[in-house]
Amino acid sequence: MQPYKRDVMKYNFNEIEAKWQKYWAENQTFKAVNNSEKPKYYVLDMFPYPSGAGLHVGHPLGYIASDIYARYKRHKGFNVLHPQGYDSFGLPAEQYAIQTGQHPAVTTAENIKTYRRQLDQIGFSFDWSREVRTSDPSYYKWTQWIFIQLFESWYNNETNKAEDISGLVSIFETEGNTKVNAVCDDGVELFSADEWQGFSPEKQQTILLQYRLTYLAETEVNWCPALGTVLANDEIVNGVSERGGHPVIRKKMTQWSMRISAYAERLLQGLDTIDWTDSLKESQRNWIGKSVGAQVEFPILPFSQGEEKAGTHTRAGYMTGGNNSHLLLERAKEMRANPTQAEAVLWEQLRNKNLGAKFRQQHLIGDYIVDFVCLKKRLIIEVDGKIHESQIEEDAKRTEILENDYYKVIRFTNEEVLGNIESVLENIKKELAERESIQSDLEASKLQQSEQVPPSGVRGMQVPLSGVRGISVFTTRPDTIFGVSFMTLAPEHELVPQITTPEQREAVDAYILATAKRSERDRMADVKTISGVFTGAYAEHPFTKAPIPIWIGDYVLAGYGTGAVMSVPCGDQRDYDFAKHFNIPIPNIFEGVDISEEAFADKEKTVIANSDFLNGMDYKKATKRVIYELEQLGQGEGKTNYRLRDAVFSRQRYWGEPFPVYYDDNGMPQMIDEKFLPLELPEVDKYLPTETGEPPLGNAKKWHWLQYGDKAEIVSKEEFENSSPLGRLGGALELNTMPGWAGSSQYFNRYMDPHNEDAIFSKDAIDYWQQVDLYIGGSEHATGHLLYARFWQKFMFDKGFVPYDEFAKKLINQGMILGTSAIVYRISGTNKYVSKGLKDSYDVEEIRVDVNMVNASDEINIEALKKWQPQFNDAEFILEAGHYIVGREVEKMSKRWFNVVNPDNICEQYGADSLRLYEMFLGPLEQYKPWNTAGITGVHNFLKKLWKLYHQGDNGAFYVTSSPPSEGLGEASREALKTLHKTIKKVEEDIENFSFNTSVSTFMIAVNELTAQKCISKEILEPLLILISPYAPHIAEELWNKLGHETSISTADFPKFDASHLVESSKNYPISFNGKMRFTLELPLDMSKDDIEKTVLENEKTKEQLQGREPKKVIVVPGKIVNIVG
RNA sequence: GCUGAAGUGGUGGAAUUGGUAGACACGUUGGACUUAAAAUCCAAUGGACAUUAGUCCGUGCGGGUUCAAGUCCCGCCUUCAGUACCA
């Protein structure tokens, strides 16, 4: 009998915890319903990637915090949604599959099993009935569905939201695209409604792709050869892959992209509406990188200054180009290769002297490329598309200049050429005949002249329509435009090869080659070396019209802004250093500022000088004015620039969501109809890229879409090709898969209605749960998941699917739990190891060993070490004081450092409640902190004391009496009530402030006090259990049950704080002298200020302190402190 | 460089609107119980001097405001995190 009784009394945590975990599972205690009388509250964790290593003690930290909050909210009367699932697509499972041939689905399922067991043993109150897995077809069906929604949408800047693509098509049909204000690709061609109607379906599709929110584009991507895949910017750290640290190179590939840039401003503005941590918001702001300034066009001068001064110029001849001829020639060549339809038709008639005269097409004259020219007769023929309607003025000017040069220009429209070629040819013949006589005159006089003088008017004119563009730059300091003394282009800038003069070509090419060779990493590491080279070309200042030398330099990044800057050395340190280095003038345009040593970059203190119409203005005024003036000139406009780029959405991987996309006979991407989703991942023999370099899905035998009406199947290439084309839809399916963030960008909404097969979630569900109230997770997702999820949520909001355009009202980042690695010191070249205190006398190498062999005093178990790895078998150990002491290093918990501590052992040894309490007790939630198992005995002892508090009967029997403590108002009872209500108040405040560590202390204090008071009253001990139950739910359930409750403690009402129990009649006043506390004095709280002063001054100890001095001043703060000055 | 956070005993960390610095816990030391160990319980524990009382110094450093500063202000230093030739 006796041993049995003893067992009952003991705090048998393993048994208790298993019992209640089973109870919760069987009774579905934490299952949330989608409607309730209670107010709703949604607590979410970032769902884990189920890695093969399982959980370590760091993983549950955030889950414990959110679980405490969720349980607390249930006590507070909320209908709480607290779901959990798995982000189960990902690279590690795929790499494991490559190594072992095991299907990732199999290993993933195994890993999930381990995770679930580990999570269950910690006692989380998750509603597992709502579990989602991103790799489950019933889940990724909806990821694919969202992709289709994005494809079917475009971003209308006028309404500032995403709209259905069909709306855009009807605009195109009625008025073309000239008035459409959309976020779209750069350089979309302009067309009228008529032209749209005339386009082929393929062309229409190509144009629409330039508007869709997800689009196919040839993009320069971060290609990681080692991983065989493309990486997003946030997957690259210091120029190498985040995973594995492999080198990353730039490569052009056709990829799906997400037009997240459309949402840049709203993603930025939205940050002000959500309660997320400042550091996280700051990261996102930084990532979006908004800068306000101006875009300025600098025309390129046709003649380089050097050549002009030398009095030379280009000879008129076969190609009579100006000094920009080398770049125009390329352009002309390109235009010849891609004639418009009208040009092609006309050329058929003009070529081979068909009209009796030799014509050339797309020929360079001066700085112009003309469509057709007969040089002998100086007759130019231009064929104009619609674009020229808006350029009548420029065309007139161009005609004037050319005609000054004795050319005759005749123009035809596309319609004339295509509709009535006969009459066009008649006109040309007529002109040719008329110009017969002029030709001979010219030969003698004018042509000679033109060889000596550059074509008049060419110098200094605006950018010609078909020739050189200017260089466009982005600047945040347009007010400093008069300080520009040179321009700098990124070496990769597309215009560099075109503008470089022949004299500079060699130097420029060498420089470009040298920069290309340097890795991104080298370039970033070596910021101080100034390098660059002059291109030989000049641009023209918009206002002063002065020539500005154009340089290239690697301090200008191709990927930001336009890849070109106007360099203002007096106002920007980098420009300043560059100018100093290359002896470029540094004009000073600031009033009263010395720039002899460094640039002056202080916007706020700027007063502009030496700047014509800007003189005397401050930064703001000058900026406004200069933008206005630039707009008048047509050479610039105010512009806001974002660093945020569109997100590449394709990955060359197997283990990810397949795109619901096939490519039709014309190679155009087509969406698979919603009703056929999900498009499931095909089986493949191997998970590596194919021999031809295609993604792993290229290995699938059947990966062609074949659809007739409502019937669709996935077939092999041969089967598809042999199928009847009549009424057939389909083609090769997309070989890429979606990136990791696809599945995590709407999972929080899917939890609201996870089994819905007809919709991503029902309207009722989303209307009830609305948005996440509290989201807890790591800050490492700041610019990845958390940005993309906000983007998709805004899109879902625009489309009317969700009621809020932010998915998480409040977000908290839990800090990371770090490992404390253990280090032994091997004497170099030997198999001897010295203890830490002796290592300085030797030449040693540090070797990390398993922390589980080391005790709290840093002493290692040598026997265990010898068995741990063969190299230690016969090693010799040099001890200090009989022990081998290891070194310690705090670093990330990782298998490679052997510093991983597993929660399974902790649960086994101390119990889940101890683990939960200890993780909270370690310190503030957001803080990074090292794991130190030694301290866990403290919280474990607390739980034992708590258990004891309820077992004060004979032989430790459960003993709680239901007679109220207030009865008789004994001293002990009043003290107990005070302890309880003090605790209620503090714990409630702590939970609301997510200060979980301090509430654990509060529990300890309460239990220590109640133990000292020998409290056995139910009125105290029952509410105390509810306070503790969010933190230590198992022991709370057990004691709750012992108190006679039939149901779970989880929905018991949180105790009400009653301030009346804390009312004190007296206060132990600290009495300080000159601010230093010397002694305390117990005084009634209702004592008046004057009486306090009197009493204190009369006190013996006060007299002792003053030693006869007269106090100068006595400060009395009733209820707080007394301070005597003197 | 910029942005954000933080520097408090041997350790993790408390400290409300400025009002008794070091709560709570670990560790350490001493003691009780025990043949012994574990467990448990009790006591001490910021430093220095004195050890009866007491005195002085103490929250990264240097100033300042105040009757009173870990807390507020100014100027630095260090650490961690994020970000970076962003024009």
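All values below come from the heavy atoms of this structure, side chains included, with hydrogens, waters and symmetry mates left out.
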### Query
Which part of the nucleic acid, if any, lies within contact of A/D575, taking any heavy atom under 4.0 Å across all strands shown: a base, the sugar-phosphate backbone alone, or nothing?
nothing
### Task
Look only at the side chain of A/N899 and the backbone of A/A822, and say whether a donor-acceptor pair between them is shorter than 3.5 Å.
no
## Note on the structure
Side-chain atoms of A/T475 come closest, of B/A25, B/A21, B/A87, to B/A87
### Message
Expressed as a whole number of angstroms, how long is the span from A/Q295:CD to B/A87:P?
### Response
14 Å
### Task
For B/G9 versus B/A25, give the span between their C1' atoms, rounded off to a whole number of Å.
14 Å
### Task
Pick base, sugar-phosphate or nothing for A/K944, based on heavy-atom distances below 4.0 Å to the nucleic acid.
sugar-phosphate
### Message
Parallel, tilted or perpendicular: which one describes the rings of A/F578 and A/Y555, with boundaries at 30° and 60°?
### Response
tilted
### Query
Mind telling me whether B/G10 is syn or anti, cutoff 90° either side of 0?
anti
## Note on the structure
Here the distance between atom C1' of B/C24 and atom NZ of A/K986, to the nearest Å, is 11 Å
### Query
Just how far is it from atom CD1 of A/I608 to atom CD1 of A/I589, taken to the nearest 0.5 Å?
4.5 Å
### Task
Determine the Euclidean distance between corresponding P atoms of B/G10 and B/G4; express it in Å to zero decimal places.
32 Å
### Task
Report yes or no: does A/Q635 contribute a side-chain atom to a donor-acceptor pair with the main-chain N or O of A/E297 at less than 3.5 Å?
yes
### Task
Compare every heavy atom of A/I1071 with every heavy atom of A/F1073, then report the nearest pair and how far apart it is.
CE1-CG2, 4.0 Å
### Query
Of the nucleotides B/A87, B/G82, B/A15, which one has an atom closest to the side chain of A/T998?
B/A15
## Note on the structure
Here the distance between atom P of B/U83 and atom CG of A/L280, to the nearest Å, is 11 Å
### Query
What's the CZ-C1' distance between A/F298 and B/A87, to the nearest Å?
12 Å
### Closest to side chain of A/L557, choosing from B/C26, B/C85, B/G82
B/C85
### Task
Taking only the side-chain heavy atoms of A/S1001 (C-beta and beyond), determine which of B/A68, B/A87, B/C24 contains the nearest atom.
B/C24
### P gap between B/C76 and B/C2, integer Å
11 Å
### Query
Under 4.0 Å: is that the gap between some side-chain N or O of A/N1008 and OP1 or OP2 of B/A25?
yes
### Query
Expressed in angstrom and rounded to an integer, what is the separation of A/N997 atom CG from B/G13 atom C1'?
7 Å
### Query
Is any side-chain N or O of A/N286 closer than 4.0 Å to OP1 or OP2 of B/C86?
no
### Message
Regarding A/T277, tell me which of base, sugar-phosphate or nothing describes its non-hydrogen contacts under 4.0 Å with the strands shown.
### Response
nothing
### Query
Mapping A/G935 and A/M1077 onto RNA chain B by nearest heavy atom, which one lands closer to the 5' end?
A/M1077
### Task
Rounded to whole angstrom, note down the C1' distance from B/C72 over to B/G19.
14 Å
### Query
Can you tell which of B/C85, B/U20, B/A14 lies closest to the side chain of A/I1121?
B/U20
#### Entry: Minimum-distance nucleotide (side-chain atoms of A/K1120 versus B/U40, B/U17, B/A87)
B/U17
### Query
Within this structure, what is the CD1-to-C1' distance between A/I817 and B/G12, rounded to whole angstrom?
12 Å
### Task
Output the distance between atom CE (A/M1004) and atom CG (A/L946), rounded to the nearest 0.5 Å.
11.0 Å
### Query
Any idea which of B/G4, B/C24, B/A87 is nearest the A/F921 side chain?
B/C24
## Note on the structure
To the nearest 0.5 Å, atom CH2 of A/W947 lies from atom CD1 of A/I1035 at 6.0 Å
### Query
Listed in order of residue number, which residues of residues 922-931 of chain A have a non-hydrogen atom at under 4.0 Å from RNA chain B?
A/L922, A/P924, A/Q927
### Message
Salt bridge or not between A/E989 and A/K985? Use side-chain N to carboxylate O under 4.0 Å.
### Response
yes
### Message
Taking the C1' atom in each of B/G27 and B/U65, what is the distance between them to the nearest angstrom?
### Response
41 Å
### Query
Toward the 5' end of RNA chain B, which comes first, A/V1000 or A/Y1069, by nearest nucleotide?
A/Y1069
#### Entry: Whole-angstrom distance between B/U52 and B/G60, as gauged at atom C1'
38 Å
### Message
Can you identify which nucleotide, out of B/G19, B/A23, B/U20, has its nearest atom closest to the A/I1005 side chain?
### Response
B/A23
### Task
Indicate, with a heavy-atom threshold strictly under 4.0 Å, whether A/V1125 touches base, sugar-phosphate, or nothing.
sugar-phosphate
### Message
Quick test of your reading of the model: are A/D575 and A/K580 salt-bridged, counting only N-O distances below 4.0 Å?
### Response
no
### Task
Could you work out the separation of B/U66 and B/U71 based on their P atoms and round it to a whole Å?
16 Å
### Message
Using a heavy-atom cut-off of 4.0 Å across all strands, would you classify A/D572 as base, sugar-phosphate, or nothing?
### Response
nothing
### Query
Has A/N932 got a side-chain N or O lying under 4.0 Å from the OP1 or OP2 atom of B/A25?
no
### Task
Examine B/A84: is either OP1 or OP2 under 4.0 Å from a nitrogen or oxygen in the side chain of A/R643? Give yes or no.
yes
## Note on the structure
Checking B/C41, B/C24, B/G19 against the side chain of A/N1123 (C-beta onward), the nearest is B/G19
### Query
Distance-only, no hydrogens or angles: does the A/S283 side chain make a donor-acceptor pair with backbone N or O of A/S279 under 3.5 Å?
yes
#### Entry: Stems involving RNA chain B, each a run of at least 3 consecutive Watson-Crick or G-U pairs under 3.5 Å
B:1-7 with B:77-83, B:10-12 with B:24-26, B:27-32 with B:40-45, B:46-49 with B:54-57, B:60-64 with B:72-76
### Query
For the pair made of NZ in A/K281 and P in B/A81, what is the distance, rounded to whole Å?
24 Å
### Query
Rounding to a whole Å, what distance do you find between A/K290:NZ and B/C2:P?
23 Å
### Message
From C-beta outward on A/S283, which listed nucleotide comes closest to its side chain: B/G82, B/C26, B/C86?
### Response
B/G82
### Query
Under 4.0 Å: is that the gap between some side-chain N or O of A/R1078 and OP1 or OP2 of B/G54?
no
### Task
Could you tell me how the ring of A/Y918 sits relative to the ring of A/W931: parallel (under 30°), tilted (30 to 60°) or perpendicular (over 60°)?
perpendicular
### Message
Rounding to an integer number of angstrom, what distance separates B/G22 and B/G58 when you compare their C1' atoms?
### Response
11 Å
### Message
Regarding A/K978 and A/E1009, does a basic nitrogen lie under 4.0 Å from an acidic carboxylate oxygen?
### Response
no
### Short N-O contact, A/D1090 and A/K1094, less than 4.0 angstrom
no
